[in-house]
Protein chains: 2
Amino acid sequence: MKYTEKLRNSGLRPTKQRLQICEVLFNTDKTFHFTINELEQKIKKQTNNKISLATVYNTVHAFEKKGYLKQIPINSSETYFDTNVTDHHHFYDLKEEKLIDLENSDVGPINILKKINGKKIKSVEVLVKLED
Amino acid sequence: MKYTEKLRNSGLRPTKQRLQICEVLFNTDKTFHFTINELEQKIKKQTNNKISLATVYNTVHAFEKKGYLKQIPINSSETYFDTNVTDHHHFYDLKEEKLIDLENSDVGPINILKKINGKKIKSVEVLVKLED
DNA sequence: ACACTTTTTTAGAATCATTATAAACTACAA
DNA sequence: TTGTAGTTTATAATGATTCTAAAAAAGTGT
């Protein structure tokens, strides 16, 4: 099965529900941003099948831990995830509360000069807030 | 009074509680990060006076809106604020769940090349996640 | 100082995203 | 198969934040 490996890598068995979540998340050329609730709605529409919120939370978190999804650091009541796990950044339109991708080439290289003893950099994320 | 102007600018009258919040937030050379709950505890310790959570939320939000405090975009169950409102960035130590300031000079200049029609950049924030 | 209006504070209730629970269900290996 | 360990689900619990309404304080005019 197409997504079995991704699931196994994340420590999850390939169940019907999880494969459906994979279809919605990964069976597309375009990457996208989502909240858990948006994802649940999308699944319901695309598969005519309701998957319980708990399952969606569990699966998304397992993928996030493994690096198949990224959390987008932003102050919002809901947590935003991104299926684009390459190194890239975001605009956040404050008025419309919408995220827009910033390609890596749209932001000059970022050089972190400070070092912290015994720690290594896991990620560098830039959030550019937009107003009118 | 020392903080009256700051409060008036934020659309708030200088009451006893708000002045106490100001003391804790601004009467120090060092800037610091805090959550609402941490701030409430700090107030109780420093002033021997309990201020209700609702008042702390209101005041902090008014200051944030006016730019006397900054929200730090980070995925955490609690919202983090910063009394350092200058343009600067953060390390986030994932294991210890601790924020560390990154001086602006520790990060090379950041050049946002993409433009969005009719929108202007309000802020550019870099979050560097650290792991062991 | 007093009466009167407006703003503020407060404790507790309401809300909402997320996490935990426990019973029914399913995958998978022996 | 059959057993067991993992999974799904609805629902309850949790916890941060926001709302509410009544009491307290501040501001205003006399």
Side-chain angles (χ1 to χ4, degrees), chain A residues 1-25 33-44 47-66 69 71-81 97 99, chain B residues 1 3-24 33-44 47-66 69 71-81 97 99:
Chain A
M1 195 67 96
K2 208 171 169 188
Y3 299 110
T4 302
E5 191 194 6
K6 230 169 190 156
L7 287 163
R8 291 242 184 258
N9 277 341
S10 309
L12 301 175
R13 287 182 181 173
T15 63
K16 181 164 66 81
Q17 289 87 342
R18 286 169 181 164
L19 288 165
Q20 284 179 337
I21 294 173
C22 284
E23 284 293 327
V24 175
L25 286 176
H33 310 131
F34 63 93
T35 64
I36 296 289
N37 273 289
E38 287 167 0
L39 181 57
E40 198 221 6
Q41 294 305 308
K42 204 168 179 182
I43 292 165
K44 201 154 47 180
T47 69
N48 285 326
N49 202 340
K50 188 193 168 302
I51 295 181
S52 100
L53 261 186
T55 301
V56 180
Y57 270 103
N58 287 341
T59 307
V60 165
H61 283 149
F63 282 149
E64 196 269 336
K65 201 183 228 168
K66 194 62 190 180
L69 291 174
Q71 257 190 278
I72 302 172
I74 197 180
N75 289 112
S76 167
S77 58
E78 287 176 87
T79 302
Y80 276 84
F81 293 89
E97 299 186 14
L99 280 163
Chain B
M1 196 67 98
Y3 299 111
T4 301
E5 191 195 7
K6 232 170 190 154
L7 286 163
R8 292 240 184 256
N9 277 340
S10 308
L12 301 175
R13 289 181 181 171
T15 64
K16 181 165 67 83
Q17 288 86 343
R18 287 168 181 163
L19 288 165
Q20 285 179 337
I21 293 172
C22 284
E23 284 292 325
V24 174
H33 311 129
F34 64 92
T35 64
I36 296 288
N37 273 289
E38 287 167 0
L39 181 57
E40 199 221 5
Q41 294 305 308
K42 205 168 178 182
I43 292 165
K44 201 153 49 178
T47 68
N48 285 326
N49 203 339
K50 188 191 168 305
I51 294 180
S52 101
L53 263 185
T55 301
V56 180
Y57 270 102
N58 287 342
T59 307
V60 165
H61 284 149
F63 282 149
E64 196 270 335
K65 200 183 229 168
K66 194 61 191 182
L69 291 173
Q71 256 190 278
I72 302 173
I74 196 180
N75 289 113
S76 168
S77 58
E78 289 175 86
T79 303
Y80 276 84
F81 293 89
E97 299 186 14
L99 280 163

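Each chain gets a letter, A, B and so on, in the order its sequence line appears, and its residues count up from 1. Note that the structure is predicted; figures quoted are calculated from it, not measured. Computed over heavy atoms, backbone and side chain alike; hydrogens, waters and symmetry mates excluded.
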| request: Drop me the distance from R18(B)'s CZ to L12(B)'s CG, to the nearest 0.5 angstrom. | output: 4.5 Å
| note | When rounded to whole Å, the CG to P distance for the pair L7(B) and dT7(C) reads 17 Å
| field | Bracket notation of DNA chain C in which parentheses pair within the strand, [ ] cross earlier pairs, and | pairs with another strand (Watson-Crick or G-U, under 3.5 Å) | value | ||||||||||||||||||||||||||||||
| said: Let me confirm one number: the CD-OG1 distance from Q20(B) to T47(B), rounded to the nearest 0.5 Å. | reply: 4.5 Å
| Say you draw a straight line from CG of N75(B) to CD1 of I74(A); how long is it, rounded to the nearest 0.5 Å? | 9.0 Å
| query | How would you list, by chain and number, every residue that makes a side-chain hydrogen bond (donor to acceptor under 3.5 Å, both in side chains) with E38(B), sequence neighbours excluded? | reply | none
| message | Give me each pair satisfying side-chain hydrogen bond (donor to acceptor under 3.5 Å, both in side chains) with a member in residues 6-17 of chain B, each pair once, sequence neighbours excluded. | response | N9(B)-Y68(B)
| query | Which nucleotides of nucleotides 17-30 of chain C have their base under 4.0 Å from a protein heavy atom (B), which only their sugar-phosphate (S), and which neither (-), written as one string 5' to 3'? | reply | SBBB------BS--
| Should I36(A) and T79(A) count as side-chain neighbours, where that means a heavy-atom distance under 4.5 Å? | no
| task | Side-chain contact test, heavy atoms from C-beta onward, threshold under 4.5 Å: evaluate it for E78(B) versus F34(B) and give yes or no. | result | no
| query | Who are the side chain to side chain contact (heavy atoms under 4.5 Å, CB included) partners of K65(A), not counting sequence neighbours? | reply | none
| For chain A, the stretch of DNA chain D it reaches, first to last nucleotide, under 4.0 Å of its heavy atoms | dG6(D) to dA10(D)
| Under 4.5 Å between any side-chain heavy atoms of Y57(B) and E40(B), yes or no? | no
| request: For Q20(B) and dT8(C), give me the distance from atom CD to atom P, rounded to whole Å. | output: 17 Å
